[in-house]
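Accompanying notes for the structure given below.
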Amino acid sequence: MKIYNSLSRQLEDFVPLNPEQVSIYSCGPTVYDYIHMGNARTALVTDIVRRYLVYRGYKVKLVQNLTDIDDKIINRAAELGVSAKQLAHQNGEAFFEDSQRLGIHCADVHPKATEHIPEMISLIQTLIDKGAAYVIDGSVYYRVNQFAEYGKLSGRKPEDLLAGARVEVDERKEDPRDFDMWKAAKPGEPAWESPWGKGRPGWHIECSAMAMKHLGETIDIHAGGEDLLFPHHENEIAQSELATGRTFARYWMHIAFLKIDGRRMGKSEHNFILLRDALDHYPTEVIRHFLISAHYRHPLDYNPESLAKSEGALRRLNNCLDALKKYEGGKDGVPSSNLDRETLPLQEAIQTMKSRFVEAMDTDFNTAQALGAIFTLVGEVNRSLATFDGAAAPVFARAYQVLTETCGVLGIYDMDAEDDNNVEQRDQLIALLLDVRQEARSRKDWDTSDKIRDRLKELNIEIQDTRDGATWKIIS
RNA sequence: GGUGGCGUAGCCAAGUGGUAAGGCCAGAGUCUGCAAAACUCUUAUUCGUCGGUUCGAUUCCGACCGCCACCUCCA
């Protein structure tokens, strides 16, 4: 299994530090607003990485933080006339709600910055003791020139960082590259006690402290949006590695931006689509399919056309799976050797699909390629479904199992879609109507027949007349 | 100015030093009382442009053109 490591800028074999448990830290959102589709992409990729590792037999511990104190939160709270704490809490809850609606499983730990102040203070103190930080007017700065490897993640040299930089240089800092780990409190701001006076943590220190607390000094995979590569992740490395003398994260994964109209979807651009709004318009699986239709390191453009394409693709997948479902768990009846020979191509297609899926996902989680494998099998199954009818049930059952298993890793098939108490009665009523309609049809009473079809359609139930009689499905 | 990335059919998107997965759309067909839906089939001699290396390049190298991102908060 290979992962592209941003640190080495190449594909590397994935070998977890502890074979018993893979540790993953994912940079979560700053909760001053609802999350948008770009945030969703990162969260979804992390979710699928985790699901796939589990599928491959690993145990995984995933930690995803929430930044619940920073300038944006303070400013937004002031605008709204609520406390920063309250605003962060509300948006934190909304974040969990939205994530869940996208089918993202909860992380094992969702640490919050404000609940780890002691750990951060301790880490900062360690760095001060090592001469890697200094205090000015109650704020603590990291001394970048103490860390020889600074810039190793982003490939930036000290001179690069100065020339043409758009940073407003704080004259008090020893070096323009130095960054704050602890911010002295301004009047009226939320603040915590510290050895350097009242204040609050800087952005980068929280991830260092929380990742190390929950996953140890060295973690396997650290993931986040590509915008975090510099300075956020670079600074996390500087803080953590200087403090512990150990490698902070072994594999760095950076998820490319979601774009809209060809430009980055971002909060500062005010061009974002909220995840919850998208979820109001499209099913979970459609949005997931869209977000994984391109490889995670490639930009993806959000637009209604692309979502419509995913809807079409999902329809194709669901039709196939629905047709296959009736063979689910079919007893392993031994097909006649004759049939066995005839279904050999399908049996091989199933095996091929599974190995192609694994190969694709093994190569840096290539979801686009994995989808290709899945849809290739869908075509094979559809052809076989027409050819073999029900006689090849065991093979169809196998196809169903493999397809649901792989689609389950990607989260693009909702097996329990209609798991509802009223379903049975509804089904019986519709069956009754179809019965009546069939009688009308045999009398060539097309008026009655069509009336039943049309009226059901008004109720979003669509009839399809097939060779084996009428079937129906719910449309939206 | 520095750093990184991208440019594959009408659209989206994989991929490989040996001749282009998959999806959407479109066209044709099957089915049907008519439909709808579904399914099947068809759709890039070609991978931004120009050079180079090679028996052979879309894939490697160079130049150029176009687009994007990071260097300030943003996943």
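Chain A is the first sequence line, chain B the second, and so forth, proteins listed ahead of strands; every chain is numbered from 1. The basis for the numbers below is simple: all heavy atoms, side chains too, and nothing from hydrogens, waters or symmetry mates.
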Look at all strands and tell whether [X] reaches a base, only sugar-phosphate, or nothing, counting heavy atoms closer than 4.0 Å.
| X | result |
| --- | --- |
| A/Ile255 | nothing |
| A/Arg443 | nothing |
| A/Asn319 | sugar-phosphate |
| A/Arg41 | nothing |
| A/Ala323 | nothing |
| A/Ser449 | base |
| A/Glu462 | sugar-phosphate |
| A/Phe375 | sugar-phosphate |
| A/Ile374 | nothing |
| A/His295 | sugar-phosphate |
| A/Gly38 | base |
| A/Arg453 | base |
| A/Asn366 | sugar-phosphate |

Figure out the [atom1]/[atom2] separation between [X] and [N], and round it to whole Å.
| X | N | atom1 | atom2 | answer |
| --- | --- | --- | --- | --- |
| A/Leu258 | B/G5 | CG | C1' | 17 Å |
| A/Asn382 | B/U40 | CG | P | 4 Å |
| A/Asp227 | B/C71 | CG | P | 8 Å |

Above 12 or not: heavy atoms from other molecules or residues under 6.0 Å from CD of A/Glu405?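 Atom CD in A/Glu405 is crowded, with more than 12 foreign heavy atoms closer than 6.0 Å.
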
Using atom P in both nucleotides, what's the gap between B/U46 and B/G27 to the nearest angstrom?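 Between the two P atoms, the distance is 26 Å.
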
OP1 or OP2 of [N] under 4.0 Å from side-chain N/O of [X]:
| X | N | value |
| --- | --- | --- |
| A/Arg156 | B/C70 | no |
| A/Arg441 | B/A35 | no |
| A/Arg315 | B/C24 | no |
| A/Arg263 | B/A69 | yes |
| A/Trp472 | B/A37 | no |

Assuming nearest nucleotide by heavy-atom distance, tell me which of A/His289 and A/Asp465 is located more 5' along RNA chain B. A/His289

Upstream residue (5' side of RNA chain B) when A/Lys473 and A/Lys444 are each assigned their closest nucleotide: A/Lys444

With a centroid cutoff of 5.5 Å and a plane-angle limit of 30°, would you call A/Phe257 stacked on B/A75?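 It does not: the ring fails the test against the base of B/A75.
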
Any idea which of [options] is nearest the [X] side chain?
| X | options | value |
| --- | --- | --- |
| A/Thr376 | B/A69, B/A21, B/C73 | B/A21 |
| A/Lys267 | B/A14, B/A38, B/C74 | B/C74 |
| A/Gln464 | B/G4, B/A75, B/A37 | B/A37 |
| A/Arg9 | B/A69, B/U3, B/A14 | B/U3 |
| A/Ala368 | B/A13, B/G23, B/C41 | B/A13 |
| A/Trp203 | B/A75, B/C11, B/C73 | B/C73 |
| A/Asn39 | B/G23, B/C74, B/C41 | B/C74 |
| A/Arg356 | B/A21, B/A75, B/A69 | B/A21 |
| A/Ala294 | B/A69, B/A14, B/A75 | B/A14 |

Salt bridge or not for [X] and [Y], using N-O below 4.0 Å?
| X | Y | answer |
| --- | --- | --- |
| A/Asp70 | A/Lys72 | no |
| A/Asp220 | A/Arg250 | yes |
| A/Lys451 | A/Asp447 | no |
| A/Glu269 | A/Arg264 | no |
| A/Asp280 | A/Arg101 | yes |

Side-chain donor or acceptor of [X] under 3.5 Å from a matching atom on the base of [N]?
| X | N | answer |
| --- | --- | --- |
| A/Asp450 | B/G33 | yes |
| A/Lys259 | B/C68 | no |
| A/Lys72 | B/C73 | yes |

Verdict with supporting geometry, A/Phe96 and A/His110, ring pair (Phe, Tyr, Trp, His ring centres under 6.0 Å): CA-CA 10 Å; A/Phe96 291 129; A/His110 282 288; 4.8 Å; yes

Base partner of B/A69, which must satisfy Watson-Crick or wobble distances under 3.5 Å: B/U3

Could you tell me the Watson-Crick or G-U partner of B/C31, where both distances fall under 3.5 Å? Say none if there is no partner. none

Check: A/Val144 main-chain N/O paired with A/Asp178 side-chain donor or acceptor under 3.5 Å: yes

